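Everything numeric in this text was worked out from a predicted model, so none of it was measured. One-based numbering along the sequence shown. Values reported hereafter were calculated over all heavy atoms of this structure, with side chains retained and with hydrogens, waters and symmetry mates removed.
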Amino acid sequence: MIEIELDGQKVEIAEGSMIMHAADKAGTYIPHFCYHKKLSIAANCRMCLVDVEKAPKPMPACATPVTKGMIVRTKSDKALKAQQSVMEFLLINHPLDCPICDQGGECQLQDLAVGYGASSSRYQEEKRVVAHKDVGPLVSMEEMSRCIHCTRCVRFGQEVAGVMELGMIHRGEHSEITTVLGDTVDSELSGNMIDLCPVGALTSKPFRYQARTWELSRRKSVSPHDSSGANLIVQVKANKVMRVLPLENEAINECWLADRDRFSYEALNEDERLTQPMLKQGGQWKPVDWQTALEYVANGLKQIKAEHGAQSIGALVSPHSTIEEIYLAAALVRGLGSENIDYRLRNAQFPSAQGVRWLGTSIASLSQLQGALVVGSNLRKDHPLFALRVRAAVRKGASVSVINDAANDWAMPIAASLITPAANWAQALADVAAAVAEQTGGTAPAQGQATQAARAIAKTLQNGERKAILLGNAAAHHANASSLLALANWIGAQTGATVGYLTEAANTVGAQLAGATPGAGGFNAGQMLGGSLKAAILLNNEPEFDSAAGRAAVAAMSKAQMVVSLSPFKANMAFCDVLLPIAPFTETPGTFVNAEGRVQSFHAVVKPLGDTRPGWKVLRVLANLLGLPGFDYESARDVLVAARGAQDADAAQVQGDKLSNATHATHAAIDLSATAGQPASAAIYQLDGIVRRAPSLQLTADARMSMSTAEVTA
């Protein structure tokens with residue numbers, strides 16, 4: 001540690017740190033534009049010039065290393081005059097368009113110009129103008145004349161997103177930030193460039209000219225999409241979600257958001273929203289009141305139970321639903337005497353689990369990995385925020401290897417890869433196990449060959465102490481999922497690597513905790529989607545798009561006597577009899593449990609749209625109409641207490657003894673035979689109903705690519 005003097009205050013800071021770091025530690029603000037704690041130091045803007053004793057001229061605080069005994073003054077005349085001069089240069093070419101700029105009210109340049117800018121400009125010449133650029137449906141570069149060339153967006157692409165989509169061309173007053181070749185910005189993390197821009201050069205295209213920042217209320221929430229559980233700030237005006245931004249949480253999403261989390265809010269305001277209950281009568285959909293709809297459902301379930309038995313009734317629940325909704329759906333079905341409840345809609349195999357499947361480590365630890373093997377995942381598109389952390393680990397020297405059916409671009413160096421059809425993944429893992437056994441002198445659990453590729457993968461798990469084997473969505477949904485897990489567990493035990501599932505949805509872990517798997521004699525999701533039900537309750541899902549059955553699910557559901565859809569959208573209309581409008585995550589309180597077992601509860605941020613009701617309330621009232629005991633909950637909190645137990649209700653982390661990736665499979669039970677069929681895995685912007693209905697996301701290159709792939713597959 002080194003001690004320096006900063007504005008008369010003694011500050012101890014690690015050797016190699018910059019003056020800016022010391023100022024942050026001391027709580028002293030130094031004006032800046034290009035510096036950002038998550039990006040490399042560029043020293044472009046010079047706004048952070050400070051007075052360093054014995055230095056002949058002001059020095060940039062972000063790029064000047066501390067030295068023992070250094071004396072720094074951030075508010076001396078020398079420092080202030082330097083900062084004011086830099087501000088004058090920055091404003092020379094800046095357009096005077098604050099009244100119509102989307103950044104108005106949250107603009108760093110605007111704020112600092114008040115303190116460091118002059119009341120008038122000495123510059124009389126014509127201001128420069130930068131041509132507009134169209135870089136896609138999410139990021140607007142219409143006003144690049146505002147750009148001050150801090151290069152935060154460029155550095156973010158290089159260092160965090162892993163793709164240098166923006167760069168600076170030309171010199172002097174001709175300098176400009178551009179995609180160079182006129183390409184679009186297609187990164188799945190591109191929206192973070194908007195947050196990083198300290199002026200109004202990069203703005204949100206969907207939010208453009210929608211509201212002023214001071215008109216918006218800010219409320220906390222949690223993303224309902226992938227399993228990272230990203231923390232959100234949802235901004236609201238007139239009971240309408242207008243914008244979504246990241247809420248900084250170092251343990252989960254740091255200060256970043258995936259575009260899927262940031263822009264999916266558009267779907268919440270679309271015409272496809274279901275705003276009142278509807279019944280199908282004579283082949284026509286007719287709106288009805290809640291009492292009529294729920295009585296129709298209750299009477300239908302009673303009749304089907306009487307005629308065909310409780311075993312003919314089942315519920316398919318989405319892992320994007322809250323714990324409260326999933327728990328009550330399971331309790332309702334079991335109250336009727338059935339064990340047909342499942343959240344594993346995309347699975348091909350349904351083994352009984354010894355515990356709750358989870359990531360196997362903390363999300364934050366992914367940034368510190370020294371070696372990793374990812375099986376059955378397009379990591380960058382399936383879990384953008386996890387990929388961001390793994391990419392950070394690779395930048396520090398980690399070795400990442402892959403077993404997958406396609407060589408996807410993860411925007412990071414891959415140390416070793418084994419690209420083979422999904423049917424052969426078990427054999428591929430057995431080969432890696434053989435290579436590990438060769439290195440450790442152990443006995444592999446299954447017959448494999450230590451091929452060159454297998455040895456290269458095994459090598460990535462031999463170095464360092466922090467290692468992980470991560471099973472992706474396709475591995476979890478695989479027809480031979482239990483063998484993949486058994487082999488991964490053996491390799492992990494031999495190499496000291498943790499073993500875990502990346503887990504698909506916001507509440508995959510929570511669905512397991514809520515008991516959304518069939519009990520003794522109950523049908524699993526595959527059987528229910530195969531047409532084994534007379535009455536089906538669909539909670540927040542569309543089987544055609546959210547299940548392994550795909551289009552076949554439509555025909556199977558059509559055979560049922562009654563299908564009830566609880567959804568925020570006009571979904572499943574081809575085969576449903578009743579549509580019940582339930583609230584999306586922004587209109588209901590609830591709880592999600594992310595991949596690491598972190599429990600995150602949230603409140604509604606806007607009132608339910610139209611006659612929409614929170615899903616937990618709909619299920620509670622339906623159970624009351626069915627005469628089921630124990631459904632007297634008065635709040636979502638009461639349901640959470642019932643689902644988790646009174647002692648665990650407030651625990652922010654699921655107890656470790658409940659989280660387990662252990663498997664019943666013995667070495668003899670490991671099946672290496674090739675399986676039929678491709679594992680079901682959703683594309684980045686097809687993951688759930690909200691994302692599928694977000695217009696801007698569906699215009700992206702990733703969405704177009706997934707649609708064309710789906711057409712070819714069909």
Side-chain angles (χ1 to χ4, degrees), residues 277 289-318 321-343 507 510-525 528 532-540 560-566 577-578 580-583 588-591 593 599 601 613-650 658:
D289 59 68
W290 271 105
Q291 188 70 21
T292 302
L294 290 175
E295 285 181 354
Y296 180 91
V297 175
N299 292 334
L301 291 174
K302 289 176 183 177
Q303 183 178 346
I304 290 170
K305 178 180 177 180
E307 293 177 0
H308 304 284
Q311 188 63 13
S312 64
I313 302 171
L316 293 162
V317 301
S318 168
S321 300
T322 65
I323 280 187
E324 292 82 355
E325 293 165 344
I326 294 172
Y327 174 78
L328 288 181
L332 187 150
V333 170
R334 291 189 169 112
L336 289 170
S338 172
E339 284 292 337
N340 303 332
I341 175 78
D342 210 342
Y343 76 93
N507 213 19
Q512 298 172 75
L513 290 168
T517 50
F523 294 142
N524 59 45
M528 287 189 271
S532 58
L533 298 178
K534 294 294 182 183
I537 299 171
L538 306 178
L539 176 61
N540 204 21
Q561 285 183 221
M562 184 173 73
V563 180
V564 183
S565 175
L566 288 80
D577 302 286
V578 188
L580 302 178
I582 63 169
T588 180
T591 304
V593 184
V599 182
S601 294
R613 295 291 181 268
W616 71 270
K617 287 188 177 181
V618 175
L619 290 164
R620 181 200 64 188
V621 174
L622 180 57
N624 292 337
L625 290 174
L626 287 165
L628 303 180
F631 285 83
D632 53 355
Y633 308 106
E634 294 187 0
S635 67
R637 161 75 183 176
D638 293 343
V639 183
L640 181 63
V641 170
R644 296 195 67 200
Q647 293 182 335
D648 295 336
D650 294 317
K658 294 180 180 178

Notebook entry, point to check: Any side-chain heavy-atom pair from V618 and W290 closer than 4.5 angstrom?
Noted result: yes

Check: Between the side chain of D342 and the main-chain N/O of T517, is any donor-acceptor distance below 3.5 Å?
Finding: no

Next item on the list: Nearest 0.5 Å please: distance from the CZ atom of F631 over to the CG atom of N624.
Entry: 8.0 Å

Next item on the list: Step through the shown structure and confirm whether more than 12 heavy atoms of other residues, nucleotides or ligands are within 6.0 Å of CD on E307.
Entry: yes

Margin query: Using every non-hydrogen atom in the two residues, find where G590 and T322 come nearest and quote the distance to one decimal.
Written below: CA-CG2, 3.8 Å

Checklist line | Shortest non-hydrogen separation from V641 to A649 and the atoms involved | finding: CG2-CB, 3.8 Å

Check: Which pairs count as salt bridge (Lys or Arg N to Asp or Glu O under 4.0 Å) when at least one residue sits in residues 323-336, sequence neighbours excluded?
Finding: R334-E339

Margin query: Show, in sequence, the C-alpha distance, side-chain angles and deciding distance for L513 and V599, and conclude whether the side-chain contact (heavy atoms from CB on, under 4.5 Å) test is met.
Written below: CA-CA 11 Å; L513 290 168; V599 182; 5.6 Å; no

Check: Can you tell me how far the CG atom of L622 sits from the CG atom of L566, to the nearest 0.5 Å?
Finding: 8.0 Å

Notebook entry, point to check: Do the non-hydrogen side-chain atoms of T591 and N507 ever get within less than 4.5 Å of each other?
Noted result: no

Note to self: Quick one, R613 and V621 - any side-chain contact, counting heavy atoms below 4.5 Å?
What the structure shows: no

Check: Taking the side chain from K305 and the backbone from L336, do they hold a donor-acceptor pair closer than 3.5 Å?
Finding: yes

Notebook entry, point to check: What's the shortest heavy-atom distance between P589 and A636, and which atoms?
Noted result: CG-CB, 3.8 Å

Notebook entry, point to check: Rounded to the nearest 0.5 Å, how far apart are CG of L626 and CG of N299?
Noted result: 8.5 Å

Next item on the list: Measure the CH2-CG distance between W616 and D638 for me, rounded to the nearest 0.5 Å.
Entry: 7.5 Å

Note to self: Taking side chain to side chain contact (heavy atoms under 4.5 Å, CB included) as the criterion, tell me which of L619, L539, T588 meets it with I582.
What the structure shows: L539

Margin query: Checking D650 now: which residues fulfil salt bridge (Lys or Arg N to Asp or Glu O under 4.0 Å) with it, not counting sequence neighbours?
Written below: R637

Next item on the list: Check step by step if side-chain contact (heavy atoms from CB on, under 4.5 Å) holds for L533 and F523.
Entry: CA-CA 9 Å; L533 298 178; F523 294 142; 4.1 Å; yes

Next item on the list: Look up atom CG in L328 and atom CZ in R620, then write down how far apart they are to the nearest 0.5 Å.
Entry: 9.0 Å

Next item on the list: Looking only at non-hydrogen atoms, find the nearest pair between L580 and A293 and report the distance.
Entry: CD2-CB, 3.8 Å

Margin query: Testing the basics here: between A511 and I326, what is the closest heavy-atom pair and its distance to 0.1 Å?
Written below: CB-CD1, 3.8 Å

Check: Is there side-chain contact between R644 and Y327, with at least one heavy-atom pair below 4.5 Å?
Finding: no

Item checked: Rounded distance [0.5 Å steps], CG in L301 versus CD1 in I313 -> 5.0 Å

Next item on the list: Please lay out, stage by stage, how Q561 and H308 fare under the test side-chain contact (heavy atoms from CB on, under 4.5 Å).
Entry: CA-CA 11 Å; Q561 285 183 221; H308 304 284; 2.6 Å; yes

Note to self: Can you give me the closest heavy-atom contact between L628 and G335, atom names plus distance?
What the structure shows: CD2-O, 3.5 Å

Item checked: Check: Q311 main-chain N/O paired with N340 side-chain donor or acceptor under 3.5 Å -> yes

